[in-house]
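Presented below is the structure to which this report refers.
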Amino acid sequence: MTQLPEKHIAVLGSTGSIGRQTLEVCRSLGIRPVALTAHSNTELLAAQAREFLPRLVVVTEESLASSLKIALADTPVEVASGPQALEEAATLPDADTVVGAIVGVAGLAPVLAAAKAGKTIALANKEPLVSAGALVTAAVKEHGARLLPVDSEHSAIFQCLHAGETRDVAGVLLTASGGPFFGKSREELASVTVADALKHPNWVMGAKITVDSATLMNKGLELIEAMWLFDLTPDQIEIVVHRQSIVHSGVVFADGSLVAQMGLPDMRSAIQYALTYPRRYPVEGMSKLSLTQIGSLSFATPDRSTFACLAACEAAARKGGLYPAAVNGANEGAVALFLEGKLPFLQIGELVQGAVEALRLPGEVTLAALLEADAAGREYVRQFHK
Ligand code: NDP
Ligand code: MG
């Protein structure tokens, strides 16, 4: 076990794919989280609580609080429930770092609360930054908080930025695996099932982001995420399909040099880097990257007409204001319907793009207006899905 300077972390969404991998990193680095949260998986949350004995566990689904309390009655762990408790976990005075691993815009309130409490936020949960990037980054600045990216592409960009000065950044290269349907035509995608969409070639992730990877929505969300994290315009971000997921992304400097970061596709690297930054430690059990074993790396242009979600995000990014919140809301609504078997795969892109084109959202960017734009996106999808 590697010993690093004492770290006090709260893990929001500890039962998810990123949350569980964060706890793996905690185990190998000897970190004991002070708070863990879940939405409904109380069985796993209770097991995690027994192992790490955090000060606080939160289940957002209030009806499950009493069973969790009973499960942890013989431990010193405090159990709380509901949205307010989630914010409490995000702002605990005894945590210096908050890992944002909730899925969707549901993570916005706790991420904002963590920013206002001046925390270091290791952020995987991209949707809050997509929807409310202006508010989150303003709160980070105002309260002396810090955002450290966990999303692998953004971690790569963050790492590559260390090779030069911010004023010399010309743009970034954002790589995309292309998901399970790369190269397929609209006709071929007409009959794909939920099971097909959940088979990602390189990464094992939660259901929502796996569908987002299949539609290329994930890359569109990541474009907007990169704009906020690194102060870039959409034109400075080149999206390239790279099937092997070895080049995690890179930075293009003024002299034309592209500095890229490579590694095996294992989220624990990016999670651990955000927790130990600026130090680097071995990632337990991770094999060495062998370029000769991989042999060749390929790069291609994404197909924006088949994968309409990417085009929709690019349009929303250019329109700015409330549009990113609407495009994200429309997608969250559409993916939920798709996962319930109520929406064909191709309709996700059609509806997400339709929402960006049809909605009129001229308002000022306030939290209330962003939440309304999110709701308008969801409502558009609900009304128009056949
Ligand atoms: P999962 O679906 O695996 O986990 C989501 C977590 O959030 C779970 O702990 C879940 O609790 C909790 N949760 C779900 N809904 C709510 C809610 N309404 N309120 C509070 N908590 C909730 O997602 P991932 O771990 O795959 O992804 C998490 C975030 O990280 C996403 O934003 C994703 O885009 C991003 N990301 C993920 C990557 C990955 O490899 N998985 C890579 C890069 C980014 P419960 O288990 O009880 O449902
Ligand atoms: Mg990513």
Side-chain angles (χ1 to χ4, degrees), residues 10-24 35-48 57-65 67-68 80-87 89-90 99-111 113 121-131 149-158 174-179 198 200 202-213 215-226 229 239 242 245 247-249 261 263 265-271 274 328 331-332 335-336 339:
V11 185
L12 311 181
S14 63
T15 51
S17 161
I18 292 289
R20 282 179 272 124
Q21 293 179 84
T22 302
L23 295 187
E24 273 183 51
L36 302 173
T37 85
H39 184 54
S40 59
N41 189 350
T42 48
E43 205 174 311
L44 180 56
L45 185 60
Q48 293 176 341
V57 295
V58 172
V59 58
T60 32
E61 180 55 61
E62 313 234 22
S63 62
L64 298 170
S67 64
L68 185 61
S81 64
Q84 207 46 48
L86 198 52
E87 289 185 38
V99 178
I102 288 175
V103 62
V105 84
L108 174 57
V111 164
I121 307 168
L123 191 65
N125 184 195
K126 61 195 83 179
E127 296 89 346
L129 210 47
V130 170
S131 279
V150 168
D151 210 349
S152 58
E153 296 77 1
H154 305 74
S155 172
I157 293 167
F158 179 67
L174 187 65
T175 51
S177 72
L198 289 179
H200 195 281
N202 303 343
W203 301 94
V204 180
M205 310 177 285
K208 194 256 175 185
I209 184 176
T210 307
V211 175
D212 287 348
S213 300
T215 59
L216 291 200
M217 181 73 192
N218 186 48
K219 218 41 60 179
L221 296 175
E222 290 185 354
L223 168 101
I224 302 170
E225 182 186 12
L229 282 173
I239 297 173
H242 165 51
S245 295
V247 175
H248 294 321
S249 281
Q261 188 259 340
D266 187 325
M267 283 308 295
R268 291 175 309 155
S269 312
I271 296 168
N328 181 66
N331 181 62
E332 289 196 23
V335 172
L339 287 171

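Order of listing sets the numbers, starting from 1, for every ligand and every atom in it.
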Closer than 4.0 Å to some heavy atom of Asn125 - which atoms of ligand 1 meet that?
29 (C), 30 (O), 32 (O)
Partner of Val130 by side chain to side chain contact (heavy atoms under 4.5 Å, CB included), out of Asn125, Leu223, Asn328, Asn331:
Asn328
Going by distance only, is there an N or O of His39 that falls short of 3.5 Å from an N or O of ligand 1?
yes
In ligand 1, which numbered atoms sit nearer than 4.0 Å to a non-hydrogen atom of Ile18?
25 (O), 30 (O), 37 (C), 38 (C), 39 (C), 40 (O), 41 (N), 42 (C)
Would you mind naming the N, O or S atom of Glu153 nearest to the Mg ion (ligand 2)?
OE1
Does Lys208 reach ligand 1, in the sense of a heavy atom lying below 4.0 Å from it?
no
Nitrogen or oxygen atoms of Asn218 and ligand 1 under 3.5 Å apart:
no
If you measure every N or O of Gly13 against every N or O of ligand 1, does any of those distances drop under 3.5 Å?
yes
Proximity to ligand 1 by part of Met205, non-hydrogen separation under 4.0 Å:
both
Expected output: side-chain Gln48 to main-chain Ser14 donor-acceptor under 3.5 Å:
yes
Does the pair Val103 and Glu127 meet the rule for a side-chain contact (heavy atoms from CB on, under 4.5 Å), with working shown?
CA-CA 8 Å; Val103 62; Glu127 296 89 346; 4.2 Å; yes
Any idea which part of Ile209 is under 4.0 Å from ligand 1, heavy-atom wise: side chain, backbone, both or neither?
side chain
So for ligand 1, is Gln21 a polar contact partner (N or O within less than 3.5 Å, distance only)?
no
Any nitrogen or oxygen of Gly16, side chain or backbone, less than 3.5 Å from one on ligand 1?
yes
Apply the side chain to side chain contact (heavy atoms under 4.5 Å, CB included) test between Pro128 and each candidate in Ile102, Leu108, Val105; give the one that qualifies.
Leu108
Check: Val150 main-chain N/O paired with Ser155 side-chain donor or acceptor under 3.5 Å
no
Purely on distance, is any nitrogen or oxygen of Arg20 under 3.5 Å from one on ligand 1?
no
Result of checking Asp151, Leu229, Val99, Val111 against Leu123 for side chain to side chain contact (heavy atoms under 4.5 Å, CB included):
Val111
Step through the shown structure and confirm whether more than 12 heavy atoms of other residues, nucleotides or ligands are within 6.0 Å of CD on Glu61.
yes
Are any of the N or O atoms of Asp151 closer than 3.5 Å to those of ligand 1?
no
Quick check: does Asn41 get an N/O under 3.5 Å from an N/O on ligand 1?
yes
Closest protein heavy atom (residue, atom, distance) for atom 26 (O) of ligand 1:
Gly206 N, 2.8 Å
Looking only at N, O or S atoms, which one in Asp151 sits nearest to the Mg ion (ligand 2)?
OD1
Heavy-atom donor-acceptor pair, His242 side chain to Val247 backbone, under 3.5 Å:
yes
Please check if any side-chain donor atom of Asn202 sits under 3.5 Å from a side-chain acceptor atom of Ser245, or the reverse.
yes
Looking only at N, O or S atoms, which one in Glu222 sits nearest to the Mg ion (ligand 2)?
OE2
Ignoring hydrogens and geometry, is there a side-chain-to-backbone donor-acceptor pair from His248 to Gly263 under 3.5 Å?
yes
Of Ser152, Gly104, Ala124, the residue with the heavy atom nearest atom 30 (O) of ligand 1 is Ala124
Write out the residue and atom name of the closest protein heavy atom to atom 32 (O) of ligand 1, then the distance separating them to 0.1 Å.
Glu127 OE1, 2.7 Å
Pick, from Glu61, Lys126, Glu43, His200, the option with the minimum heavy-atom distance to atom 34 (O) of ligand 1.
Lys126
Taking heavy atoms and a distance under 4.0 Å, where does Ala101 meet ligand 1: side chain, backbone, both or neither?
backbone
What do the steps show when you test Ile209 against His200 for side-chain contact (heavy atoms from CB on, under 4.5 Å), and what is the final call?
CA-CA 10 Å; Ile209 184 176; His200 195 281; over 6 Å; no
Check each heavy atom of Ile102 against ligand 1 and say whether those closer than 4.0 Å belong to the side chain, the backbone, both or neither.
both
